[in-house]
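One-based numbering along the sequence shown. Quick caveat: nothing in here was measured; it's all calculated off a predicted structure.
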Amino acid sequence: MTITSPTPDLTGTRLRTGADYLAALSDGRDVRVDGERVTDVAGHPAFRGVAETMAAMYDAAGAPGSPLVDPETGRLALFTVPRTRAQHDLRKVALEEWNRMSHGFIGRGPDHVSGLLAGFAGNPGVFDTDEHQLGATVVAFHDYAAARGLWITNSIVPPQANPNDPTSRVTPVHLVEKTSEGIVVSGAQMLGTGAAVADEIFVTSVRPLAPTEPEKALSFVVPVNAPGLRLICRRPYATSGSRFDYPLSNRLDESDAMVAFDRVLVPWDRVFAAGSVEVVNRQFFGTAAHQIGNLQSIIRLTAKLRFLTGVAAKVARANGRDSDLAIKMQLADLATIQTVSESLTESAHAFATADDQGVIRPAGKYLYAALGMQTEVYPRAVRMLGELVGGGVIQVPSSVLDLDDPESIASMDLLMGSDHLPMVERVKLFKLAWDLVGSEFAGRHVQYERFYSGAAPVVKMYAHRHYPFAEAEALVEEFLGSYDATQR
């Protein structure tokens with residue numbers, strides 16, 4: 001069956017607003033949380049905070065002169081295929097602005113998969129096979145998503161399974177059949193981060209596939225409300241308490257979900273690979289997708305570390321310890337971590353080069369060094385902040401409601417009252433610090449950064465692959481050749 005797909009109709013499209021985004025969440029999607037099917041995603045306490053945050057970010061993009069928008073196309077610059085240095089610079093500025101607004105805490109927002117799609121569209125021939133010519137589909141879908149500014153998240157990790165368990169019913173997403181309308185898929189995937197509040201989900205296998213696994217060789221994008229698709233969400237952290245008590249959890253918990261497929265029909269105009277192991281194994285590195293997509297990863301991490309360092313500095317000042325030499329050293333260590341991350345990000349951008357398709361790729365040497373550090377430096381930074389705040393994050397009152405009680409306020413004033421930093425402001429600061437170091441939201445982000453780009457050995461192999469060891473060895477060879485055993 002030779003398949004090509006139609007070009008989507010883009011007539012009448014415009015930059016979406018926050019209201020457009022929120023309205024799009026009312027599409028009948030099957031989202032389960034706390035034993036119930038959510039009927040109003042945008043209004044549900046588990047998702048309302050992050051949905052409102054994202055709506056505000058879409059509205060910011062619509063402001064005159066917004067750095068988030070490509071002035072030539074009027075579209076979000078996050079989707080730009082960088083073929084010129086100006087376009088490359090434009091994407092970086094847009095990514096920095098997007099993550100400035102979220103402080104790097106929304107990892108799989110519209111800024112991530114948009115980069116993957118841009119990379120795919122930069123070399124669509126990778127998706128053409130004798131059976132399916134889907135390169136044009138990739139280009140058309142990228143154009144479709146960019147025209148609408150869609151939030152496309154991903155679910156690319158197969159479920160964990162025990163290979164020694166003969167009773168296991170774990171089934172990764174797989175091809176059931178091909179029809180004239182599209183492909184039918186069933187099974188499950190892990191880590192649909194942000195899926196409950198996204199528009200669509202990009203599904204594939206990040207794990208390299210063996211030639212004997214063609215049924216798992218899939219790459220497609222599917223609307224979250226597709227019939228037969230169900231999201232089983234983890235416990236929401238946005239419901240932990242008020243915005244005052246859990247300021248990050250309440251507005252930035254993007255949620256994660258198991259993604260289950262029960263004979264889901266994926267139309268051909270959203271299919272990039274169907275049964276080709278070679279295409280699935282080549283899609284990220286045979287195109288610029290992995291490098292373009294992960295520029296977002298390191299820009300996001302830099303923003304996150306900058307925010308964390310700012311909290312640490314404010315805590316030290318609040319405690320009157322900012323002039324203490326030991327505290328200065330701790331702050332310097334945090335600042336160094338953030339600066340190294342930022343420097344590698346700047347280098348990945350500055351030393352970018354065009355590939356053989358004319359797509360500008362961030363320099364792998366610096367990009368993958370930053371990704372390799374990510375698994376270690378964020379947990380370390382959180383630990384350092386925890387040491388700085390000490391017991392201060394534990395002695396705060398249980399709830400903002402305690403601030404309504406004059407007797408409680410009088411007692412709290414004995415613990416933290418000051419004209420230099422009013423008690424309520426001190427509680428507010430330490431509540432924020434707790435949401436970085438001790439809440440469930442905080443713990444999830446430490447674990448998330450450990451595996452954001454895959455297992456640590458995999459990520460470090462990317463760094464190994466892109467480091468010019470031959471150049472370094474040549475320097476040593478030259479030096480060794482400058483003397484011999486006769487020279488004493």
Side-chain angles (χ1 to χ4, degrees), residues 10 12-25 49-122 141-154 193-194 197-200 202 251-252 254 288-289 291-304 306-307 342 345-346 348-349 352 359-360 362:
L10 302 178
T13 55
R14 58 173 173 78
L15 192 66
R16 87 192 308 190
T17 65
D20 294 333
Y21 162 69
L22 292 174
L25 297 178
V50 70
E52 289 175 351
T53 296
M54 191 59 61
M57 292 168 74
Y58 275 117
D59 282 337
S66 170
L68 293 167
V69 175
D70 183 339
E72 292 189 8
T73 64
R75 298 176 175 185
L76 289 177
L78 308 171
F79 287 89
T80 300
V81 181
R83 296 186 181 278
T84 67
R85 183 61 58 168
Q87 290 172 331
H88 178 59
D89 292 344
L90 183 71
R91 279 199 81 252
K92 176 175 178 285
V93 170
L95 286 167
E96 288 173 336
E97 176 63 14
W98 193 266
N99 284 281
R100 183 194 66 77
M101 291 190 289
S102 67
H103 301 297
F105 286 97
I106 299 180
R108 298 294 189 215
D111 53 332
H112 183 67
V113 172
S114 56
L116 299 180
L117 292 176
F120 291 165
F141 185 81
H142 168 258
D143 196 39
Y144 170 87
R148 288 159 173 78
L150 297 182
W151 179 354
I152 303 173
T153 187
N154 63 19
T193 298
V197 286
D199 296 296
E200 307 210 11
F202 169 54
R251 68 184 70 184
L252 293 168
E254 60 194 320
Q291 283 166 259
I292 293 178
N294 278 297
L295 181 63
Q296 177 264 1
S297 305
I298 60 176
I299 286 175
R300 184 192 58 77
L301 178 65
T302 296
K304 202 170 184 179
R306 184 183 294 115
F307 185 78
E342 185 172 348
T345 300
E346 292 294 330
H349 176 76
V359 179
I360 298 178

Point to revise | Verdict with supporting geometry, V50 and L252, side chain to side chain contact (heavy atoms under 4.5 Å, CB included) | key: CA-CA 5 Å; V50 70; L252 293 168; 5.8 Å; no

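- Under the side-chain contact (heavy atoms from CB on, under 4.5 Å) criterion, T17 pairs with R14, A19, D20, D59, sequence neighbours left out.
- When all heavy atoms are compared, the tightest approach of A145 to L117 is CB-CD1, 4.3 Å.
- Among all heavy-atom pairs drawn from A77 and A94, the shortest one is CB-CB, 3.8 Å.
- In this structure T193 satisfies the side-chain hydrogen bond (donor to acceptor under 3.5 Å, both in side chains) test together with D256, sequence neighbours excluded.
- The salt bridge (Lys or Arg N to Asp or Glu O under 4.0 Å) check on K304 picks up E449, with sequence neighbours excluded.
- Listed for the T80 side chain is no donor-acceptor partner under 3.5 Å among the backbone atoms of P82.
- Remark: F105 CZ to T53 OG1 distance equals 12.5 Å, nearest 0.5 Å.
- Residues passing the side-chain contact (heavy atoms from CB on, under 4.5 Å) test with E52, sequence neighbours excluded: R48, R243.
- Annotation: side chain of L295 is in contact with side chain of L95 (closest heavy-atom distance under 4.5 Å).
- The side-chain tip of R16 does not point at the ring of Y21 from less than 6.0 angstrom away and within 45° of straight on.
- Pairing each heavy atom of G149 with each of L76, the nearest pair is CA-CD1, 4.0 Å.
- E346 pairs by the side-chain hydrogen bond (donor to acceptor under 3.5 Å, both in side chains) definition with K92, not counting sequence neighbours.
- We find the OG1-CD distance between T345 and Q296 to be 11.0 Å, quoted to the nearest 0.5 Å.
- Aromatic rings from F120 and F202 are positioned such that their centres are separated by under 6.0 Å.
- Among residues two or more places apart in sequence or in another chain, the ring pair (Phe, Tyr, Trp, His ring centres under 6.0 Å) test is passed with F79 by none.
- Considering only heavy atoms from C-beta on, L68 comes within 4.5 Å of M101 through its side chain.
- Sorted by first then second residue, the side chain to side chain donor-acceptor pair (under 3.5 Å) pairs that include residues 97-110, not counting sequence neighbours, are E97-R100, N99-D111, R108-H112, R108-Y452.
- For S297, the side-chain hydrogen bond (donor to acceptor under 3.5 Å, both in side chains) test picks out N294, with sequence neighbours left out.
- Here salt bridge (charged side-chain N to carboxylate O under 4.0 Å, His left out) pairs that include residues 76-91, with residues two or more places apart or in two chains, number zero.
- The salt bridge (Lys or Arg N to Asp or Glu O under 4.0 Å) search around R306 returns E342, not counting sequence neighbours.
- Distance alone, capped at 3.5 Å, places no donor-acceptor pair between the R251 side chain and the G49 backbone.
- For the pair Y58 and P110, the tightest heavy-atom approach, listed with the atom from each and the gap, is OH-CG, 3.6 Å.
- Among all heavy-atom pairs drawn from I360 and A352, the shortest one is CG2-CB, 3.6 Å.
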Point to revise | Derivation and outcome, side chain to side chain contact (heavy atoms under 4.5 Å, CB included), residues L116 and N154 | key: CA-CA 10 Å; L116 299 180; N154 63 19; 4.2 Å; yes

**Study point:** side chain to side chain contact (heavy atoms under 4.5 Å, CB included) evaluation trace for H88 with I292
**Key:** CA-CA 10 Å; H88 178 59; I292 293 178; over 6 Å; no

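- A distance-only check finds a donor-acceptor pair linking the side chain of T302 to the backbone of I298 [under 3.5 Å].
- Side chains of R75 and D143 form a contact here, defined as non-hydrogen atoms less than 4.5 Å apart.
- With sequence neighbours left out, A198 forms a side-chain contact (heavy atoms from CB on, under 4.5 Å) with W151, T153.
- Take A118 and apply the side-chain contact (heavy atoms from CB on, under 4.5 Å) test, not counting sequence neighbours, and it matches V81, H142.
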